[in-house]
Number of protein chains: 2
Amino acid sequence: MSSTPTTPLVSGEKAGRREQILTAAAELFAQHGFHGVGIDDIGAAVGISGPALYRHFRSKDAMLGEMLTSISRYLLDGGEAHAERDGDADEVLAALVRFHVDFALTHPALITVQERSLANLADTDRRQVRALQRRYVEVWVRVIRAAVPGLDQAHARSAAHAVFGLINSTPHSRHLPDDQQAALLERLALGALHAA
Amino acid sequence: MSSTPTTPLVSGEKAGRREQILTAAAELFAQHGFHGVGIDDIGAAVGISGPALYRHFRSKDAMLGEMLTSISRYLLDGGEAHAERDGDADEVLAALVRFHVDFALTHPALITVQERSLANLADTDRRQVRALQRRYVEVWVRVIRAAVPGLDQAHARSAAHAVFGLINSTPHSRHLPDDQQAALLERLALGALHAA
DNA sequence: GCCGGAGGTTAGCGAGCGCTAACAAGACGT
DNA sequence: ACGTCTTGTTAGCGCTCGCTAACCTCCGGC
């Protein structure tokens with residue numbers, strides 16, 4: 001609604017140069033870490049070479065910044081959309097889990113980058129990402145507490161983080177077809193939460 | 001029995017210089033990533049300055065290598081010890097979960113480093129760490145399949161990774177006293193596995 | 001038919017980093 | 001008393017990396 005028109009979170013395909021660069025960079029950052037990837041590597045990954053990237057981004061840090069803030073915003077938006085849909089509390093929770101699982105399975109590189117290199121962000125960007133993440137966690141806390149009785153805020157927050165860890169572990173283990181992996185992760189996540 | 005006598009996994013306190021350096025380095029690597037930490041930073045953290053570290057380690061990579069292999073070996077040894085103790089399958093699983101939770105809560109920096117910077121390891125070290133980790137996963141797979149009926153290898157392996165992610169998430173969320181956090185993680189982990 | 005902007009190229013700068021070299025000072029066995 | 005081993009110091013080399021400068025080329029509008 002505000003800056004970019006639709007924000008389909010990159011999605012390959014037609015994608016302008018900026019998006020193309022961001023997806024390539026995400027893949028590289030995920031594999032080698034932020035400092036382990038050079039400007040030239042990113043350029044090479046999209047077929048142009050080195051400093052041409054500065055026609056599209058102000059700095060290497062700006063790439064990471066845009067990457068992480070767009071992820072966080074996408075998750076927050078999606079999370080809020082699911083949380084606001086009224087219905088059975090258990091079903092809302094299941095939908096939220098499914099949403100996050102789906103994201104983790106379709107964008108493993110982004111998951112890895114977000115976990116790994118928040119520390120490499122410039123101060124301003126890091127504050128913004130942190131804020132978005134906090135709000136996303138709060139969405140989960142509300143939904144969890146509605147579905148699982150007898151959990152105080154602190155326990156619900158810890159449980160939310162734990163479930164993120166569970167779901168986000170998926171880039172480290174892809175020995176199952178996607179649909180089976182998704183089904184398993186959903187069962188595990190919901191099993192964990194209902195045992196809390 | 002082979003190289004080092006007892007291998008108490010560092011543990012601060014008396015600890016020789018090498019161990020002191022490794023713990024300091026782990027903390028820094030966890031905060032800023034491997035490439036984000038300079039030789040001088042590590043030296044400063046233990047009160048000596050810069051190149052003095054080369055009296056104790058052959059290179060910066062060697063520090064990371066020793067750090068990660070010792071973690072992996074500690075986990076594998078502990079895991080096998082718990083798995084071999086016979087008794088109720090559920091109780092063995094619970095003990096294994098408790099073991100890993102305990103490790104994650106007492107060594108959050110090591111957890112973070114192991115997740116984050118496997119990619120920064122030299123080839124030889126990385127192969128060794130990978131091998132140790134694989135064996136640790138296999139311990140879990142056996143214990144899980146004994147306690148949870150109807151899981152094939154692949155599903156059990158995915159579930160193991162997911163539970164690692166769940167437990168290892170604890171460095172990102174410390175807003176609960178340690179004992180409550182441990183109890184919660186145990187419940188979540190076992191809840192997840194029994195729902196698999 | 002020109003011209004300005006968009007998006008590339010290569011050359012090279014300045015800074016930071018891992019690591020080595022050369023040297024100093026205390027502990028200690030003989 | 002002396003040499004040697006250990007563990008520290010500072011200076012500095014060489015390389016890599018992020019980024020800028022200067023230049024080229026295509027392309028669409030008037």
Side-chain angles (χ1 to χ4, degrees), chain A residues 4 10 13-68 113 116-126, chain B residues 4 10 13-68 113 116-126:
Chain A
T4 28
V10 110
E13 294 300 341
K14 183 49 182 55
R17 251 304 152 64
R18 289 177 58 86
E19 281 71 15
Q20 187 189 4
I21 291 169
L22 282 182
T23 45
E27 208 72 45
L28 291 171
F29 290 164
Q31 283 176 32
H32 310 105
F34 182 69
H35 288 296
V37 177
I39 270 307
D40 294 349
D41 301 325
I42 303 175
V46 296
I48 67 183
S49 229
L53 295 170
Y54 291 87
R55 300 288 167 194
H56 306 278
F57 295 93
R58 260 185 24 260
S59 68
K60 191 187 168 195
D61 298 88
M63 293 184 211
L64 184 64
E66 191 163 325
M67 193 180 305
L68 292 195
V113 173
R116 212 173 262 182
S117 40
L118 231 168
N120 302 120
L121 272 183
D123 289 19
T124 309
D125 288 329
R126 187 170 57 250
Chain B
T4 29
V10 110
E13 292 301 341
K14 183 48 181 55
R17 251 302 152 67
R18 288 177 60 86
E19 280 72 14
Q20 187 189 2
I21 291 170
L22 282 183
T23 46
E27 209 72 46
L28 290 172
F29 289 164
Q31 283 176 32
H32 309 107
F34 181 69
H35 288 296
V37 176
I39 269 311
D40 294 349
D41 300 325
I42 304 175
V46 296
I48 67 185
S49 229
L53 294 170
Y54 290 87
R55 299 290 167 192
H56 305 276
F57 294 92
R58 258 184 27 260
S59 68
K60 191 188 169 195
D61 298 87
M63 293 184 210
L64 184 65
E66 192 164 325
M67 194 181 305
L68 292 195
V113 174
R116 210 174 265 182
S117 40
L118 232 169
N120 302 120
L121 272 182
D123 287 19
T124 308
D125 289 329
R126 187 171 57 250

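Just so you know, these numbers come straight off a predicted model, no measurement behind them.
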Q. CD of B:Gln20 to CD1 of B:Ile48: how many Å apart, nearest 0.5 Å?
A. 8.0 Å
Q: For DNA chain C, find the residues of residues 38-60 of chain A with a heavy-atom distance under 4.0 Å and give them by number; none if there aren't any.
A: A:Ile48, A:Ser49, A:Pro51, A:Ala52, A:Arg55, A:His56
Show the atom names and distances, to 0.1 Å, of all donor-acceptor pairs under 3.5 Å that link a side chain in residues 28-41 of chain B to residues at least two apart or in another chain.
residue, atom, partner, partner atom, Å
B:His35, NE2, B:Asn120, ND2, 3.2
B:Asp41, OD2, B:Gly38, N, 2.8

Q) Hey, does B:Arg126 have a side-chain heavy atom less than 4.5 Å from the side chain of B:Asp123? A) yes
Q: Residues of residues 24-34 of chain A with any non-hydrogen atom less than 4.0 angstrom from an atom of DNA chain C: list those, numerically ordered, please.
A: none
Q) With sequence neighbours excluded, what pairs up with A:Arg116 under the side-chain hydrogen bond (donor to acceptor under 3.5 Å, both in side chains) test? A) none
Q) Can you find a heavy atom in the side chain of B:Leu68 that is under 4.5 Å from one in the side chain of B:Asp125? A) no
Q. Does a side-chain heavy-atom distance below 4.5 Å link A:Thr23 with A:Val46?
A. no
Q. When the distance from NE2 of B:His35 to P of D:dC17 is rounded to whole Å, what number comes out?
A. 9 Å
Q. Looking only at heavy atoms, which two atoms of A:Ala25 and A:Ile42 are closest? And how far apart?
A. CB-CG2, 4.1 Å
Q | Of all pairs that satisfy side-chain hydrogen bond (donor to acceptor under 3.5 Å, both in side chains), the ones with a partner from residues 47-67 of chain A, not counting sequence neighbours | A | A:Arg18-A:Glu66
Q) Could you give the start and end, 5' to 3', of the contact zone on DNA chain C for chain B, using atoms under 4.0 Å from its heavy atoms? A) C:dG18 to C:dC23
